[in-house]
Amino acid sequence: MLDFLIELITTPAVMLGLVALVGLLIQRKNAADVTKGTLKTILGVLILSAGSGVIVQYLEPFATIFTQGFQLTGVVPFDEAVVGALSEKVPEIARNGSLILAFGFVINIILARFSPFKYIFLTGHMLWIMSGALAWAFYDLGYQTVEAVLWGSMIQGLACVLFPALAQPIMRKLTGSGDIGYGHFTTAGVVLSAGIGKLAGNPQKSTEQMKMPKSLEFFKDTAVSISCVMVLIYLISVLMAGPEFMKSISNDQNWIVFAIVQGLGFTAGVLILLQGVRMFLGEIVPAFRGVAQKLVPGATPALDCPVVFAFAPNALIIGFLSSIVGMVIGMLVSQSFGAIVPLPSIIGGFFTGGIAGIFGNTWGGRRGAMISGLIYGLVLTIPVALFFPMYGLEAYGVTGIALLVSDALIVLSGVKLLHSLHLLPIVVPAVIVALIVWGIVRNGRNKGAELKQ
């Protein structure tokens with residue numbers, strides 16, 4: 001039964017389909033509406049996932065070409081690979097991570113119900129990454145299963161409400177409502193980057209209002225602009241890598257043709273993803289209101305980063321390109337102070353560097369998008385290099401890869417600090433109790449104010 005529940009939680013399409021199903025049933029919709037809403041939610045997520053898969057498919061060879069062309073060596077920041085390798089090497093980490101994921105989700109719902117931070121985190125792969133990272137940290141510190149799962153679940157639940165709350169002011173301004181939250185454990189990095197972009201930018205000069213000569217107005221079309229940018233990036237990279245190296249990557253396809261097809265294939269993935277986002281959001285948000293009204297009044301679903309791509313597609317590309325520049329700079333900085341050198345994460349650059357650009361544009365316009373993307377590129381490299389020695393992955397036989405997401409780095413560092421101070425069993429429960437008491441008191445005050453009116 002536990003395995004079944006864990007499988008549901010870690011399968012985004014099924015889990016979100018169930019959320020839609022419950023929400024529609026609570027609202028007493030008829031059978032046709034329930035069926036349509038549930039299926040379109042699941043299909044939307046599957047289309048979104050398919051688009052993400054296409055993007056990754058066309059980015060993976062690009063990372064190899066980029067590394068060869070610019071002669072980069074180092075570790076690859078890849079969260080899923082780190083957690084997967086640790087789970088394979090140490091069965092206890094795999095087991096504890098699954099339990100932390102399941103019980104952490106329960107803690108998330110309790111906190112959303114009673115605390116002021118009413119977010120339910122619904123990004124399955126991020127839940128898996130954080131729970132696996134926590135299981136690893138507690139195993140490394142020598143905790144037994146019961147303690148590891150107890151504290152890990154509490155911390156996971158806290159992370160699932162606190163990090164979306166940190167991003168919500170930007171999300172509210174970006175989307176024009178509080179209907180959705182940002183459910184991705186890169187929140188600290190993108191919010192910090194956007195905050196720096198805000199200092200130097202002007203939100204009135206949005207990337208989405210950029211004026212172009214009439215002869216170039218076709219660039220306003222998302223498909224055209226992304227295609228041109230990505231084909232150009234691929235062409236530059238394959239030219240730097242050289243024709244001889246490209247033969248091994250392109251399976252003897254002409255290397256110029258290969259670059260063009262790869263760039264256009266990437267764009268196709270983005271368009272598929274955006275179609276899935278539209279379908280998914282059109283069903284999950286109204287359905288989620290039914291869940292929120294009955295089970296967790298006022299709750300907001302915290303969703304994966306692609307849900308905001310359509311709000312500022314120009315900022316997405318600016319953030320992506322700027323983050324690549326920032327990652328290269330960060331790599332050189334890491335190399336200069338003798339730490340390990342994280343290679344640029346092209347996939348991370350697109351998905352979350354793009355978010356940094358969108359958030360930066362929301363707070364600081366075009367300049368904010370560029371600066372935010374650049375800063376986030378540094379966040380994707382320098383902290384990875386600094387924190388890498390703290391975790392000792394090599395001791396587990398895991399080499400060549402590193403943990404990337406900023407929120408997980410912060411949480412794991414906090415766990416180690418509280419453990420060293422012998423404060424973990426005090427601080428974590430105290431924070432949860434304080435949030436619940438705060439929420440109950442605030443709800444009481446709000447009800448009292450309503451009665452007086």
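Side-chain atoms are counted along with the backbone in the values below, which use heavy atoms only and exclude waters and symmetry mates.
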Measuring from [X]:[atom1] to [Y]:[atom2], what's the distance to the nearest 0.5 Å?
X	Y	atom1	atom2	answer
Ile236	Met240	CD1	CE	9.5 Å
Met279	Ile42	CE	CD1	12.0 Å
Leu423	Leu417	CG	CG	8.0 Å
Thr186	Leu404	OG1	CG	8.5 Å
Asp179	Met171	CG	CE	10.0 Å
Ser153	Asn108	OG	CG	11.5 Å

Is it true that a side-chain atom of [X] and a backbone atom of [Y] form a donor plus acceptor pair closer than 3.5 Å?
X	Y	answer
Asp304	Leu122	no
Ser323	Gly353	no
Thr381	Leu378	yes
Glu283	Lys40	no
Ser372	Ala356	yes
Glu208	Phe311	no
Lys118	Thr300	no
Asn314	Thr207	yes
Asp79	Val405	yes
Arg113	Val296	no

> Between Ile65 and Phe258, is a side-chain contact (heavy atoms from CB on, under 4.5 Å) present by the stated rule, with each step listed?
Replying inline: CA-CA 12 Å; Ile65 296 165; Phe258 176 81; 3.8 Å; yes
To check you understand the geometry: which heavy-atom pair defines the closest contact between [X] and [Y], and what is its length?
X	Y	result
Pro169	Ala165	CD-O, 3.5 Å
Leu101	Trp128	CD1-CA, 3.6 Å
Ile371	Ala200	CD1-CB, 3.4 Å
Pro342	Met331	O-CG, 3.7 Å
Gly17	Thr38	O-CG2, 3.6 Å
Val238	Leu235	CG2-O, 3.2 Å

> Do we see a donor-acceptor contact under 3.5 Å between the side chains of Tyr182 and Thr187?
Replying inline: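 On atom types as modelled, these side chains do not qualify, holding no pair under 3.5 Å.
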Could you tell me whether the side chain of [Y] reaches within less than 4.5 Å of the side chain of [X], counting heavy atoms only?
X	Y	result
Ile129	Asp407	no
Phe103	Ile107	no
Leu403	Leu412	yes
Trp363	Pro203	no
Phe185	Cys160	yes
Pro61	Gln262	yes
Ser227	Leu264	yes
Ser322	Ile318	yes

> More than 12 heavy atoms of other residues, nucleotides or ligands under 6.0 Å from NZ of Lys173: is that the case?
Replying inline: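 Atom NZ in Lys173 is packed in, count exceeds 12.
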> Within a reach of under 6.0 Å around NZ of Lys29, are more than 12 heavy atoms found that belong to other residues, nucleotides or ligands?
Replying inline: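 12 or below, so no.
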>> Let's go through Ile329 and Val325 carefully: what are the C-alpha distance in whole Å and the side-chain angles of both, what is the deciding distance for side-chain contact (heavy atoms from CB on, under 4.5 Å) to 0.1 Å, and is it a yes or a no?
In response: CA-CA 6 Å; Ile329 294 171; Val325 175; 4.0 Å; yes
Assess the pair [X] and [Y]: is the distance between their ring centroids shorter than 6.0 Å?
X	Y	result
Phe309	Phe350	yes
Phe121	Phe105	no
Trp438	Phe114	no

> Would Leu127 and Thr123 satisfy side-chain contact (heavy atoms from CB on, under 4.5 Å), going step by step from the backbone distance to the final call?
Replying inline: CA-CA 6 Å; Leu127 292 172; Thr123 306; 5.9 Å; no
>> Using side-chain contact (heavy atoms from CB on, under 4.5 Å), reason through Trp136 and Val83 one step at a time and then give a plain yes or no.
In response: CA-CA 8 Å; Trp136 165 38; Val83 174; over 6 Å; no
